[in-house]
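Just so you know, these numbers come straight off a predicted model, no measurement behind them.
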Protein chains: 2
Amino acid sequence: MPKRVDHEERRARIAEALWRIACARGLDGASLRDVAAEAGISLGQLQHYFASKDDMLVFALEHISDLAARRVGERLRGLSGEPSPRDVLLGSVREMLPLDDKSRTGHLVQIAYFVRAVHDERLRRHAKEGVPGLRAFFAGQVREGQARGEVAADRDPEVEAALLIALVDGLASYAVLEVWSAEEALGLVAGHLDRLFGVR
Amino acid sequence: MPKRVDHEERRARIAEALWRIACARGLDGASLRDVAAEAGISLGQLQHYFASKDDMLVFALEHISDLAARRVGERLRGLSGEPSPRDVLLGSVREMLPLDDKSRTGHLVQIAYFVRAVHDERLRRHAKEGVPGLRAFFAGQVREGQARGEVAADRDPEVEAALLIALVDGLASYAVLEVWSAEEALGLVAGHLDRLFGVR
DNA sequence: CGTTTCACAAGTCGTCTGTATTGCTATAGC
DNA sequence: GCTATAGCAATACAGACGACTTGTGAAACG
(Lines give C-alpha, C1' and ligand atoms only; values in the text may rest on other atoms or scores of the structure.)
Protein backbone atom coordinates (compact mmCIF):
# COMPACT_ATOMS: atom_id res chain seq x y z
CA MET A 1 0.00 0.00 0.00
CA PRO A 2 1.11 3.59 -0.69
CA LYS A 3 1.59 6.34 1.85
CA ARG A 4 -1.31 6.89 4.19
CA VAL A 5 -2.69 10.30 5.08
CA ASP A 6 -4.77 11.37 8.04
CA HIS A 7 -8.07 11.88 6.28
CA GLU A 8 -9.82 13.54 9.20
CA GLU A 9 -7.02 16.05 9.58
CA ARG A 10 -7.15 16.93 5.88
CA ARG A 11 -10.92 17.22 5.97
CA ALA A 12 -10.66 19.50 8.97
CA ARG A 13 -8.20 21.76 7.14
CA ILE A 14 -10.56 21.97 4.17
CA ALA A 15 -13.47 22.71 6.48
CA GLU A 16 -11.57 25.59 8.00
CA ALA A 17 -10.89 27.00 4.55
CA LEU A 18 -14.60 26.69 3.85
CA TRP A 19 -15.41 28.69 6.97
CA ARG A 20 -13.08 31.48 5.92
CA ILE A 21 -14.90 31.73 2.59
CA ALA A 22 -18.36 31.36 4.09
CA CYS A 23 -17.51 34.03 6.62
CA ALA A 24 -16.52 36.47 3.90
CA ARG A 25 -19.02 35.68 1.16
CA GLY A 26 -21.58 33.23 2.54
CA LEU A 27 -21.96 29.51 2.00
CA ASP A 28 -23.55 29.87 -1.41
CA GLY A 29 -20.61 31.99 -2.46
CA ALA A 30 -18.20 29.19 -1.66
CA SER A 31 -17.53 27.05 -4.72
CA LEU A 32 -15.40 23.95 -4.58
CA ARG A 33 -12.73 25.78 -6.55
CA ASP A 34 -12.72 28.68 -4.11
CA VAL A 35 -12.43 26.40 -1.11
CA ALA A 36 -9.63 24.42 -2.73
CA ALA A 37 -7.74 27.61 -3.52
CA GLU A 38 -8.25 28.91 0.01
CA ALA A 39 -6.99 25.63 1.42
CA GLY A 40 -4.01 25.78 -0.94
CA ILE A 41 -4.85 22.53 -2.67
CA SER A 42 -6.17 21.50 -6.07
CA LEU A 43 -9.80 20.93 -6.89
CA GLY A 44 -8.98 17.31 -7.54
CA GLN A 45 -7.46 16.88 -4.11
CA LEU A 46 -10.51 18.42 -2.46
CA GLN A 47 -12.74 16.05 -4.34
CA HIS A 48 -10.55 13.21 -3.22
CA TYR A 49 -11.56 13.94 0.37
CA PHE A 50 -15.18 14.87 -0.23
CA ALA A 51 -17.28 12.93 -2.68
CA SER A 52 -19.67 15.83 -3.11
CA LYS A 53 -20.12 19.43 -2.06
CA ASP A 54 -22.90 18.38 0.24
CA ASP A 55 -20.58 15.97 2.03
CA MET A 56 -18.13 18.80 2.61
CA LEU A 57 -20.83 21.09 3.95
CA VAL A 58 -22.18 18.53 6.38
CA PHE A 59 -18.73 17.57 7.64
CA ALA A 60 -17.79 21.22 8.19
CA LEU A 61 -20.99 21.82 10.13
CA GLU A 62 -20.42 18.88 12.42
CA HIS A 63 -16.81 19.92 12.89
CA ILE A 64 -17.65 23.48 13.87
CA SER A 65 -20.40 22.51 16.27
CA ASP A 66 -17.95 20.08 17.91
CA LEU A 67 -15.46 22.90 18.36
CA ALA A 68 -18.12 25.25 19.71
CA ALA A 69 -19.28 22.68 22.25
CA ARG A 70 -15.66 22.13 23.29
CA ARG A 71 -15.17 25.88 23.76
CA VAL A 72 -18.22 26.16 26.01
CA GLY A 73 -17.05 23.14 27.98
CA GLU A 74 -13.60 24.61 28.51
CA ARG A 75 -14.98 27.94 29.61
CA LEU A 76 -17.25 26.26 32.14
CA ARG A 77 -14.42 24.09 33.44
CA GLY A 78 -12.40 27.28 33.77
CA LEU A 79 -14.87 28.72 36.25
CA SER A 80 -13.49 28.78 39.75
CA GLY A 81 -14.38 26.03 42.19
CA GLU A 82 -18.10 26.14 42.91
CA PRO A 83 -19.58 28.37 40.23
CA SER A 84 -23.07 29.70 40.83
CA PRO A 85 -25.77 28.83 38.28
CA ARG A 86 -25.85 32.47 37.25
CA ASP A 87 -22.14 32.41 36.48
CA VAL A 88 -22.50 29.19 34.52
CA LEU A 89 -25.32 30.67 32.46
CA LEU A 90 -23.48 33.93 31.87
CA GLY A 91 -20.37 32.01 30.90
CA SER A 92 -22.31 29.92 28.41
CA VAL A 93 -24.06 32.94 27.01
CA ARG A 94 -20.76 34.77 26.64
CA GLU A 95 -19.62 31.96 24.36
CA MET A 96 -22.77 32.38 22.28
CA LEU A 97 -22.13 36.05 21.46
CA PRO A 98 -19.74 37.30 18.77
CA LEU A 99 -17.44 38.99 21.27
CA ASP A 100 -14.15 38.36 19.49
CA ASP A 101 -13.12 37.82 15.90
CA LYS A 102 -12.95 34.07 16.21
CA SER A 103 -16.40 33.93 17.69
CA ARG A 104 -17.71 36.32 15.07
CA THR A 105 -16.42 34.03 12.37
CA GLY A 106 -18.14 31.12 14.04
CA HIS A 107 -21.37 33.10 14.09
CA LEU A 108 -21.15 34.01 10.43
CA VAL A 109 -20.65 30.35 9.61
CA GLN A 110 -23.54 29.40 11.85
CA ILE A 111 -25.76 31.92 10.11
CA ALA A 112 -24.74 30.59 6.72
CA TYR A 113 -25.83 27.14 7.87
CA PHE A 114 -28.99 28.48 9.45
CA VAL A 115 -30.29 29.76 6.13
CA ARG A 116 -29.45 26.54 4.43
CA ALA A 117 -31.17 24.60 7.21
CA VAL A 118 -34.42 26.39 6.46
CA HIS A 119 -34.55 24.63 3.11
CA ASP A 120 -32.59 21.49 3.95
CA GLU A 121 -34.18 18.71 5.94
CA ARG A 122 -30.87 17.13 6.90
CA LEU A 123 -29.42 20.33 8.36
CA ARG A 124 -32.68 21.22 10.08
CA ARG A 125 -32.56 17.96 11.97
CA HIS A 126 -29.14 19.04 13.26
CA ALA A 127 -30.65 22.16 14.83
CA LYS A 128 -33.75 20.40 16.13
CA GLU A 129 -31.61 17.82 17.88
CA GLY A 130 -29.07 20.26 19.25
CA VAL A 131 -31.37 22.78 20.92
CA PRO A 132 -33.13 20.49 23.42
CA GLY A 133 -29.77 19.55 24.92
CA LEU A 134 -28.80 23.16 25.50
CA ARG A 135 -32.28 23.93 26.75
CA ALA A 136 -32.14 21.09 29.25
CA PHE A 137 -28.74 22.27 30.46
CA PHE A 138 -29.97 25.84 30.95
CA ALA A 139 -33.14 24.60 32.65
CA GLY A 140 -31.02 22.56 35.02
CA GLN A 141 -29.07 25.67 35.99
CA VAL A 142 -32.30 27.57 36.60
CA ARG A 143 -33.54 24.71 38.77
CA GLU A 144 -30.28 24.82 40.68
CA GLY A 145 -30.84 28.55 41.16
CA GLN A 146 -34.28 27.81 42.56
CA ALA A 147 -32.81 25.23 44.93
CA ARG A 148 -30.42 27.91 46.18
CA GLY A 149 -33.28 30.36 46.57
CA GLU A 150 -31.80 32.71 43.97
CA VAL A 151 -34.58 32.20 41.45
CA ALA A 152 -38.25 32.65 42.28
CA ALA A 153 -39.92 29.25 42.71
CA ASP A 154 -42.82 30.10 40.39
CA ARG A 155 -40.53 30.41 37.36
CA ASP A 156 -40.72 27.49 34.96
CA PRO A 157 -37.11 26.40 34.30
CA GLU A 158 -37.97 25.06 30.85
CA VAL A 159 -39.64 28.34 29.90
CA GLU A 160 -36.75 30.42 31.23
CA ALA A 161 -34.28 28.24 29.35
CA ALA A 162 -36.12 28.69 26.06
CA LEU A 163 -36.41 32.45 26.64
CA LEU A 164 -32.69 32.71 27.34
CA ILE A 165 -31.70 30.74 24.24
CA ALA A 166 -33.98 32.76 21.99
CA LEU A 167 -32.88 36.02 23.56
CA VAL A 168 -29.19 35.33 23.15
CA ASP A 169 -29.71 34.18 19.60
CA GLY A 170 -31.63 37.32 18.68
CA LEU A 171 -29.08 39.54 20.38
CA ALA A 172 -26.26 37.76 18.58
CA SER A 173 -27.97 38.10 15.20
CA TYR A 174 -28.38 41.83 15.57
CA ALA A 175 -24.82 42.09 16.85
CA VAL A 176 -23.59 40.45 13.67
CA LEU A 177 -25.58 43.00 11.67
CA GLU A 178 -23.92 45.69 13.78
CA VAL A 179 -27.27 47.01 14.97
CA TRP A 180 -25.66 46.95 18.40
CA SER A 181 -22.30 45.72 19.60
CA ALA A 182 -21.61 42.33 21.15
CA GLU A 183 -20.69 44.10 24.39
CA GLU A 184 -24.07 45.82 24.49
CA ALA A 185 -25.70 42.48 23.83
CA LEU A 186 -23.79 40.96 26.72
CA GLY A 187 -24.92 43.79 28.97
CA LEU A 188 -28.53 43.27 27.95
CA VAL A 189 -28.52 39.54 28.60
CA ALA A 190 -26.65 40.06 31.88
CA GLY A 191 -29.44 42.40 32.96
CA HIS A 192 -31.97 39.76 32.00
CA LEU A 193 -30.11 37.22 34.13
CA ASP A 194 -29.93 39.68 37.03
CA ARG A 195 -33.71 39.90 36.98
CA LEU A 196 -34.09 36.14 36.72
CA PHE A 197 -31.74 35.67 39.65
CA GLY A 198 -33.54 38.24 41.75
CA VAL A 199 -30.71 40.75 42.15
CA ARG A 200 -33.13 43.36 40.82
CA MET B 1 -45.98 56.79 -28.04
CA PRO B 2 -47.03 53.19 -27.58
CA LYS B 3 -49.20 51.79 -24.79
CA ARG B 4 -48.17 52.59 -21.24
CA VAL B 5 -47.98 50.02 -18.43
CA ASP B 6 -48.01 50.51 -14.69
CA HIS B 7 -44.38 49.77 -13.96
CA GLU B 8 -44.71 49.68 -10.19
CA GLU B 9 -47.55 47.18 -10.39
CA ARG B 10 -45.55 44.90 -12.69
CA ARG B 11 -42.49 45.18 -10.47
CA ALA B 12 -44.61 44.29 -7.44
CA ARG B 13 -45.91 41.18 -9.23
CA ILE B 14 -42.37 40.12 -10.06
CA ALA B 15 -41.26 40.75 -6.48
CA GLU B 16 -44.04 38.48 -5.22
CA ALA B 17 -42.88 35.74 -7.58
CA LEU B 18 -39.38 36.21 -6.21
CA TRP B 19 -40.66 35.72 -2.65
CA ARG B 20 -42.35 32.48 -3.57
CA ILE B 21 -39.07 31.16 -4.97
CA ALA B 22 -36.94 32.53 -2.11
CA CYS B 23 -39.37 31.00 0.35
CA ALA B 24 -38.99 27.58 -1.22
CA ARG B 25 -35.33 27.53 -2.21
CA GLY B 26 -33.69 30.64 -0.75
CA LEU B 27 -32.63 33.86 -2.41
CA ASP B 28 -29.51 32.38 -3.94
CA GLY B 29 -31.63 29.67 -5.47
CA ALA B 30 -33.73 32.20 -7.30
CA SER B 31 -32.40 32.82 -10.80
CA LEU B 32 -33.88 35.43 -13.09
CA ARG B 33 -35.27 32.67 -15.27
CA ASP B 34 -36.95 31.01 -12.30
CA VAL B 35 -38.50 34.25 -11.17
CA ALA B 36 -39.72 35.04 -14.65
CA ALA B 37 -41.27 31.59 -14.98
CA GLU B 38 -42.90 31.89 -11.56
CA ALA B 39 -44.30 35.28 -12.52
CA GLY B 40 -45.53 33.82 -15.81
CA ILE B 41 -43.48 36.15 -17.96
CA SER B 42 -40.42 35.88 -20.18
CA LEU B 43 -36.89 36.58 -19.10
CA GLY B 44 -36.83 39.47 -21.53
CA GLN B 45 -39.88 41.04 -19.93
CA LEU B 46 -38.39 40.72 -16.47
CA GLN B 47 -35.24 42.42 -17.70
CA HIS B 48 -37.39 45.19 -19.09
CA TYR B 49 -38.56 46.01 -15.59
CA PHE B 50 -35.33 45.39 -13.70
CA ALA B 51 -32.03 46.44 -15.15
CA SER B 52 -30.14 43.98 -12.97
CA LYS B 53 -30.76 41.21 -10.49
CA ASP B 54 -29.59 43.46 -7.70
CA ASP B 55 -32.21 46.03 -8.63
CA MET B 56 -34.87 43.34 -8.36
CA LEU B 57 -33.61 42.15 -4.98
CA VAL B 58 -33.50 45.63 -3.47
CA PHE B 59 -36.94 46.53 -4.80
CA ALA B 60 -38.43 43.31 -3.47
CA LEU B 61 -36.93 43.94 -0.03
CA GLU B 62 -38.29 47.46 0.18
CA HIS B 63 -41.67 46.23 -1.05
CA ILE B 64 -41.95 43.48 1.56
CA SER B 65 -40.88 45.70 4.44
CA ASP B 66 -43.49 48.21 3.33
CA LEU B 67 -46.15 45.50 3.41
CA ALA B 68 -45.00 44.24 6.82
CA ALA B 69 -45.13 47.73 8.30
CA ARG B 70 -48.62 48.16 6.84
CA ARG B 71 -49.75 44.87 8.42
CA VAL B 72 -48.52 45.89 11.86
CA GLY B 73 -50.20 49.27 11.46
CA GLU B 74 -53.52 47.68 10.52
CA ARG B 75 -53.40 45.27 13.42
CA LEU B 76 -52.74 48.07 15.87
CA ARG B 77 -55.53 50.18 14.40
CA GLY B 78 -57.78 47.14 14.80
CA LEU B 79 -57.29 47.12 18.55
CA SER B 80 -60.39 48.26 20.39
CA GLY B 81 -60.64 51.85 21.61
CA GLU B 82 -57.97 52.49 24.22
CA PRO B 83 -55.52 49.63 23.95
CA SER B 84 -53.13 49.09 26.83
CA PRO B 85 -49.39 49.24 26.09
CA ARG B 86 -49.21 45.54 26.82
CA ASP B 87 -51.84 44.83 24.17
CA VAL B 88 -50.07 47.05 21.67
CA LEU B 89 -46.77 45.24 22.29
CA LEU B 90 -48.38 41.82 22.12
CA GLY B 91 -50.17 42.79 18.93
CA SER B 92 -46.93 43.96 17.35
CA VAL B 93 -45.10 40.87 18.50
CA ARG B 94 -47.84 38.66 17.11
CA GLU B 95 -47.18 40.17 13.70
CA MET B 96 -43.47 39.38 14.08
CA LEU B 97 -44.00 35.65 14.57
CA PRO B 98 -44.63 33.14 11.76
CA LEU B 99 -48.12 32.29 13.00
CA ASP B 100 -49.77 31.74 9.61
CA ASP B 101 -48.55 30.69 6.18
CA LYS B 102 -48.39 34.22 4.83
CA SER B 103 -46.36 35.35 7.78
CA ARG B 104 -44.12 32.32 7.53
CA THR B 105 -43.41 33.19 3.92
CA GLY B 106 -42.54 36.70 4.98
CA HIS B 107 -40.16 35.32 7.56
CA LEU B 108 -38.44 33.03 5.11
CA VAL B 109 -37.93 35.96 2.79
CA GLN B 110 -36.68 38.07 5.66
CA ILE B 111 -34.18 35.38 6.61
CA ALA B 112 -33.00 35.13 3.03
CA TYR B 113 -32.31 38.84 3.09
CA PHE B 114 -30.74 38.65 6.53
CA VAL B 115 -27.99 36.35 5.32
CA ARG B 116 -27.34 38.49 2.34
CA ALA B 117 -27.24 41.58 4.57
CA VAL B 118 -24.37 40.06 6.53
CA HIS B 119 -22.17 40.34 3.45
CA ASP B 120 -23.87 43.26 1.71
CA GLU B 121 -23.33 46.80 2.95
CA ARG B 122 -26.40 48.18 1.19
CA LEU B 123 -28.78 45.66 2.73
CA ARG B 124 -27.17 45.95 6.14
CA ARG B 125 -27.93 49.65 6.20
CA HIS B 126 -31.59 48.73 5.68
CA ALA B 127 -31.58 46.71 8.91
CA LYS B 128 -29.53 49.21 10.89
CA GLU B 129 -31.92 51.99 9.96
CA GLY B 130 -35.10 50.00 10.55
CA VAL B 131 -34.45 48.65 14.04
CA PRO B 132 -34.09 51.94 15.95
CA GLY B 133 -37.58 52.97 14.83
CA LEU B 134 -39.14 49.78 16.15
CA ARG B 135 -37.05 50.02 19.30
CA ALA B 136 -38.20 53.58 19.95
CA PHE B 137 -41.82 52.53 19.42
CA PHE B 138 -41.50 49.64 21.86
CA ALA B 139 -39.68 51.85 24.38
CA GLY B 140 -42.50 54.35 24.15
CA GLN B 141 -45.02 51.65 24.99
CA VAL B 142 -42.94 50.57 27.99
CA ARG B 143 -42.78 54.18 29.15
CA GLU B 144 -46.54 54.39 28.79
CA GLY B 145 -46.79 51.26 30.90
CA GLN B 146 -44.64 52.91 33.54
CA ALA B 147 -46.84 56.01 33.48
CA ARG B 148 -49.83 53.77 34.13
CA GLY B 149 -48.02 52.06 36.95
CA GLU B 150 -48.07 48.71 35.15
CA VAL B 151 -44.32 48.53 34.64
CA ALA B 152 -41.80 48.90 37.45
CA ALA B 153 -40.26 52.37 37.37
CA ASP B 154 -36.69 51.06 37.59
CA ARG B 155 -36.93 49.32 34.21
CA ASP B 156 -35.08 51.07 31.42
CA PRO B 157 -37.55 51.33 28.49
CA GLU B 158 -34.78 51.32 25.90
CA VAL B 159 -33.27 48.16 27.42
CA GLU B 160 -36.65 46.42 27.62
CA ALA B 161 -37.38 47.38 24.01
CA ALA B 162 -34.10 45.89 22.79
CA LEU B 163 -34.65 42.74 24.85
CA LEU B 164 -38.13 42.33 23.41
CA ILE B 165 -36.99 42.75 19.83
CA ALA B 166 -34.12 40.31 20.23
CA LEU B 167 -36.30 37.83 22.07
CA VAL B 168 -39.03 37.85 19.44
CA ASP B 169 -36.50 37.56 16.67
CA GLY B 170 -34.80 34.60 18.30
CA LEU B 171 -38.11 32.90 19.01
CA ALA B 172 -39.22 33.47 15.42
CA SER B 173 -35.99 32.04 14.02
CA TYR B 174 -36.34 28.84 16.00
CA ALA B 175 -40.00 28.67 15.07
CA VAL B 176 -39.04 28.75 11.40
CA LEU B 177 -36.63 25.89 12.06
CA GLU B 178 -39.51 24.07 13.74
CA VAL B 179 -37.59 23.74 16.99
CA TRP B 180 -40.78 24.95 18.58
CA SER B 181 -44.07 26.12 17.10
CA ALA B 182 -45.04 29.73 16.55
CA GLU B 183 -47.83 29.27 19.08
CA GLU B 184 -45.32 28.16 21.73
CA ALA B 185 -43.19 31.15 20.81
CA LEU B 186 -46.17 33.44 21.28
CA GLY B 187 -46.85 31.89 24.67
CA LEU B 188 -43.24 32.41 25.72
CA VAL B 189 -43.13 36.06 24.74
CA ALA B 190 -46.56 36.63 26.30
CA GLY B 191 -45.15 35.27 29.55
CA HIS B 192 -42.20 37.62 29.22
CA LEU B 193 -44.59 40.54 28.78
CA ASP B 194 -46.63 39.40 31.77
CA ARG B 195 -43.53 39.66 33.90
CA LEU B 196 -42.60 43.03 32.44
CA PHE B 197 -46.09 44.31 33.11
CA GLY B 198 -46.13 42.97 36.63
CA VAL B 199 -49.02 40.55 36.30
CA ARG B 200 -46.72 37.87 37.70
C1' DC C 1 10.82 -6.84 -8.42
C1' DG C 2 6.50 -6.53 -9.89
C1' DT C 3 1.89 -5.44 -8.66
C1' DT C 4 -1.42 -3.17 -6.25
C1' DT C 5 -3.47 0.72 -4.35
C1' DC C 6 -3.73 5.26 -2.50
C1' DA C 7 -2.84 10.33 -3.34
C1' DC C 8 -3.30 13.71 -6.21
C1' DA C 9 -3.35 16.82 -10.71
C1' DA C 10 -5.48 18.20 -14.75
C1' DG C 11 -8.79 18.34 -17.99
C1' DT C 12 -13.55 17.84 -19.72
C1' DC C 13 -18.51 17.63 -19.62
C1' DG C 14 -23.08 19.52 -19.58
C1' DT C 15 -25.58 22.85 -17.22
C1' DC C 16 -26.84 27.19 -15.40
C1' DT C 17 -25.88 31.86 -14.39
C1' DG C 18 -26.52 37.23 -15.27
C1' DT C 19 -26.14 40.29 -18.89
C1' DA C 20 -26.32 42.06 -23.61
C1' DT C 21 -28.17 42.34 -28.21
C1' DT C 22 -31.38 42.16 -31.80
C1' DG C 23 -35.72 42.51 -33.81
C1' DC C 24 -40.69 42.40 -33.96
C1' DT C 25 -45.29 44.43 -32.71
C1' DA C 26 -48.60 47.62 -31.41
C1' DT C 27 -49.92 52.08 -30.25
C1' DA C 28 -49.87 57.12 -29.40
C1' DG C 29 -48.72 61.53 -31.39
C1' DC C 30 -48.14 64.40 -35.38
C1' DG D 1 -50.78 57.34 -42.42
C1' DC D 2 -46.32 57.77 -41.13
C1' DT D 3 -43.06 57.49 -37.52
C1' DA D 4 -41.16 57.17 -33.12
C1' DT D 5 -41.04 54.44 -29.24
C1' DA D 6 -42.52 51.45 -25.23
C1' DG D 7 -43.24 46.65 -24.55
C1' DC D 8 -41.61 42.49 -25.11
C1' DA D 9 -39.60 37.91 -27.07
C1' DA D 10 -35.77 35.30 -28.52
C1' DT D 11 -31.35 34.34 -28.67
C1' DA D 12 -26.49 34.75 -27.88
C1' DC D 13 -22.70 35.01 -24.95
C1' DA D 14 -18.94 34.43 -21.65
C1' DG D 15 -18.04 32.78 -17.36
C1' DA D 16 -18.62 29.77 -13.41
C1' DC D 17 -20.49 25.85 -11.47
C1' DG D 18 -20.39 20.63 -9.67
C1' DA D 19 -19.38 16.21 -11.11
C1' DC D 20 -16.72 13.05 -13.50
C1' DT D 21 -12.74 10.80 -15.95
C1' DT D 22 -8.21 10.03 -16.93
C1' DG D 23 -3.33 9.99 -16.07
C1' DT D 24 0.83 10.00 -13.15
C1' DG D 25 3.79 9.13 -9.29
C1' DA D 26 5.03 6.76 -5.30
C1' DA D 27 4.97 3.78 -1.57
C1' DA D 28 3.92 -0.67 0.65
C1' DC D 29 3.11 -5.47 0.12
C1' DG D 30 3.77 -10.27 -1.69
Plane angle bin for H7(A) and Y49(A) - parallel if under 30°, tilted between 30 and 60°, otherwise perpendicular: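 Ring orientation of Y49(A) relative to H7(A): perpendicular.
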
Sugar-phosphate, base or nothing in reach of L32(A), heavy atoms under 4.0 Å: sugar-phosphate

Sugar-phosphate, base or nothing in reach of I41(B), heavy atoms under 4.0 Å: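 Nothing, no heavy atom under 4.0 Å.
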
Nucleotide nearest Y49(B) (side chain, heavy atoms from C-beta), chosen from dG7(D), dT11(D), dC8(C):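 So the nucleotide nearest the side chain must be dG7(D).
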
Candidates dC17(D), dG7(D), dT17(C) - which lies nearest the side chain of R33(B):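 Comparing dC17(D), dG7(D), dT17(C) against the side chain of R33(B), the answer is dT17(C).
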
Roughly how many Å is it from [atom1] in [X] to [atom2] in [N], rounded to a whole number?
{"X": "H48(A)", "N": "dA10(C)", "atom1": "NE2", "atom2": "P", "result": "16 Å"}
{"X": "K53(A)", "N": "dC17(D)", "atom1": "NZ", "atom2": "C1'", "result": "8 Å"}
{"X": "F50(B)", "N": "dC8(D)", "atom1": "CZ", "atom2": "C1'", "result": "16 Å"}
{"X": "D55(A)", "N": "dG18(D)", "atom1": "CG", "atom2": "P", "result": "14 Å"}
{"X": "L46(B)", "N": "dA20(C)", "atom1": "CG", "atom2": "P", "result": "14 Å"}
{"X": "D28(B)", "N": "dT17(C)", "atom1": "CG", "atom2": "P", "result": "12 Å"}
{"X": "R10(A)", "N": "dC6(C)", "atom1": "CZ", "atom2": "P", "result": "16 Å"}
{"X": "L43(B)", "N": "dT11(D)", "atom1": "CG", "atom2": "P", "result": "12 Å"}

Residue among S84(A), P85(A), S92(A) satisfying side chain to side chain contact (heavy atoms under 4.5 Å, CB included) with V88(A):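 Looking at S84(A), P85(A), S92(A), the match for V88(A) under the side chain to side chain contact (heavy atoms under 4.5 Å, CB included) is S92(A).
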
base_contact_polar (dC20(D) base, Q47(A) side chain, donor-acceptor, <3.5 Å):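 Answer yes: a donor N or O sits under 3.5 Å from an acceptor.
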
Q45(A) (side chain) and dA7(C) (base): donor-acceptor pair under 3.5 Å: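 Per atom types, no contact qualifies.
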
S103(A) side-chain N/O to D100(A) backbone N/O, donor-acceptor pair under 3.5 Å: no

Side-chain ion pair, R70(B) and E74(B), N-O less than 4.0 Å: no

Aromatic F197(A) / basic R86(A) pairing, under 6.0 angstrom, 45° off normal: no

